[in-house]
Structure formats: structure tokens, C-alpha cells
Amino acid sequence: MQQTRPYCSWKYWTDQAPLTQLFMMAVLVLLLLTFGLSLTSAEDGNPKPCMRAKHNNANNVFLKRHLPEGVPVNTMDQNIWGALLRQIKTCGRPTQSFFHVSQRERVERVCTKSGGKALSGNLCISKEPFNFVTVRLNMDEGLCGIKSIRNETKHIILGCDEIGDACQPVHFEGNPTSKVPDNNQPDCGLRRRGGQRPGCLFTMLFYPSLS
């Protein structure tokens, strides 16, 4: 049986002076509140990259929206782009970004150790800049009224979740301030599970008998 660290038991802290007990109870309450808030904030996205996806079809939706078959090449013709938007049924989205299907492998690599750095939440930012097209629609006009079509070159930001046995892109996040990856941040990609000892809070809450 694994030896529990003394300070990870309720008995250890109840044997301390009253002031120490009061301090530790305040810390415990604060940790529990923080844990609860983190669960609430993660409703729309995982708190870290490459955690289990909430929807198994999230990657398919991403591919349909950003890497569909038939993305125009070397043209800003609004009629051609409008036809694509109607084909993939995304006329209700005011801003949309597209990659040519030939970039699919490179885009997916952003969610791996070789291609991306952690940014915030489940977002990863690419280690290299990408060329892509951003289409903006005039929602007042309806019928896929296009306002602008622009070629962009930036580091891309993707939401990355685990689907199956791989970390895959599930969301495209705009990068209006042209952020770049921070080499001090960890790489994206699946991490090996297991082998870590549970923290004190986990032990005290769920395994009090170990004390």
C-alpha cells in the first residue's frame, strides 16, 4: 500500500494549533471554490489542450467549416466564395477563415508537440505562420452578402481536444493582435497518463482513510 505523506491526512492537521487549523480550513475552502469556478468556466471549452472532447463530431464540424472541399485558390471573386458558403451552409457566420484542403495535415499538426504551443484554455498557437483566407459577411444583406475577402499570414490559434486516440482541432480562434507562440509555454499534444501521486487535497477529500 502506498505510504501517505503525513501532512496529507486530516489527523495531522487536527493535531496542530487552533490558529493553524483555522488557516488550513480557509485555504481548503478557497481551493474548493477555485475548483468549482474552473469547472464552470470550462463549460464551453476544456481548461487545457488535448483533454477529452465533449462532442465526438467536433473535429468533423471544424473540417467542414475551415477545410471544406472546393476552397477557391488564388481568387477573391465574391461569386465563387459565395457559392462555397452556400454549399457548406455557413452563411449565418459573420467571419469565416479557410485553408486549402492540401494544408489539412499541417493544420492538424498544430495540436501536436511538433506543431503547437499551449496558449490558454484548450487553445494552441501554431509554431509557424500560416496562409489562409478570411471572409467577412454583411449580415444585414442576407443571402451570403460578402463584405470582404482577405488573404492573411499569421500564427493560427486552434482549440484542441482529444478525440479517439489523437488530439485534434475542434475550433478556430481569431488572432486579431497577431500573437506569436511563447517558447516558455509547454508544447501541445497528448500527454502520458498515470504515474503521478494524488495531491494532498485529493487525498484528504476522497481517501481520508489513508490517514
Side-chain angles (χ1 to χ4, degrees), residues 8 27-68 88-90 92-99 101 103-130 132 134 152 154-207:
C8 285
V27 171
L28 182 60
V29 170
L30 180 61
L31 288 172
L32 288 171
L33 288 173
T34 302
F35 180 70
L37 289 173
S38 68
L39 288 179
T40 301
S41 64
E43 287 182 356
D44 294 332
N46 284 323
K48 293 181 181 180
C50 303
M51 295 178 66
R52 179 68 65 180
K54 295 178 174 62
H55 305 286
N56 288 333
N57 68 332
N59 178 250
N60 292 331
V61 173
F62 172 87
L63 295 175
K64 174 190 171 183
R65 290 179 173 178
H66 304 288
L67 284 134
I88 63 176
K89 300 178 181 180
T90 59
R93 305 181 69 235
T95 303
Q96 307 180 46
S97 295
F98 297 94
F99 304 88
V101 69
Q103 290 185 284
R104 176 172 172 171
E105 184 177 338
R106 187 167 173 245
V107 169
E108 291 179 335
R109 202 157 51 236
V110 174
C111 294
T112 70
K113 295 179 180 180
S114 64
K117 285 284 188 180
L119 186 62
S120 63
N122 73 332
L123 300 177
C124 295
I125 185 168
S126 64
K127 293 183 178 182
E128 299 177 349
F130 278 71
F132 58 96
T134 296
E152 299 196 63
K154 292 181 179 180
H155 292 267
I156 61 171
I157 300 172
L158 304 180
C160 297
D161 288 342
E162 180 187 356
I163 300 175
D165 59 354
C167 186
Q168 302 182 28
V170 298
H171 167 69
F172 181 94
E173 182 82 5
N175 187 5
T177 59
S178 298
K179 293 179 181 178
V180 298
D182 181 351
N183 289 330
N184 293 320
Q185 292 297 314
D187 292 331
C188 285
L190 292 176
R191 289 163 176 76
R192 184 175 298 174
R193 294 182 176 85
Q196 291 186 338
R197 299 176 66 182
C200 281
L201 177 60
F202 186 89
T203 301
M204 293 168 70
L205 287 177
F206 298 104
Y207 295 98

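How far OG1 of Thr90 is from CD of Gln96: 3.5 Å, rounded to the nearest 0.5 Å. One distance of note links CG of Asn46 with NZ of Lys54; it measures 3.5 Å at 0.5 Å rounding. Separation of atoms CG (Asn183) and NZ (Lys127) is listed at 8.0 Å; rounding is to 0.5 Å. Here Phe130 contributes atom CZ and His155 contributes atom NE2; the two are 10.0 Å apart, rounded to the nearest 0.5 Å. Interatomic distance, Leu63 CG to Ile88 CD1, rounded to the nearest 0.5 Å: 11.5 Å. Rounding to the nearest 0.5 Å places CG of Leu119 at 8.5 Å from SG of Cys124.
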Residue pair Asp187, Lys117: steps toward the side chain to side chain contact (heavy atoms under 4.5 Å, CB included) verdict: CA-CA 4 Å; Asp187 292 331; Lys117 285 284 188 180; 3.0 Å; yes

From CA spacing to verdict: side chain to side chain contact (heavy atoms under 4.5 Å, CB included), Ile156, Phe99: CA-CA 11 Å; Ile156 61 171; Phe99 304 88; 3.8 Å; yes

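Taking the charged nitrogens against the carboxylate oxygens, Asp161 and Arg52 have no contact shorter than 4.0 Å, which rules out a salt bridge.
In this structure, Ser97 and Phe172 approach most closely via the heavy-atom pair OG-CE2, 3.5 Å. The two residues Ile163 and Gln168 come nearest to each other via the heavy atoms O-NE2, 3.3 Å. Closest non-hydrogen pair, Pro129 versus Arg106, comes out as O-NH2, 2.7 Å. Across Glu162 and Gly164, no two heavy atoms sit closer than the pair OE2-O, 3.5 Å.
Counting non-hydrogen atoms of neighbouring residues, nucleotides and ligands closer than 6.0 angstrom, the CG atom of Asn56 reaches no more than 12 such neighbours.
No side-chain heavy atom of Leu67 sits under 4.5 Å from any side-chain heavy atom of Phe98.
When atom types are taken as modelled, the side chain of Lys113 and the backbone of Gly189 share no donor-acceptor pair closer than 3.5 angstrom. Not a single donor-acceptor pair under 3.5 Å links the side chain of Ser126 to the backbone N or O of Val110. For the pair Asn59 (side chain) and Val170 (backbone), a donor-acceptor distance under 3.5 Å is absent.
Taken as a pair, Cys50 and Cys160 fail the criterion of an SG-SG distance shorter than 2.5 angstrom.
A side-chain contact (heavy atoms from CB on, under 4.5 Å) with Leu190 is found for one member of Pro49, Cys111, Cys167 and no other, namely Cys167.
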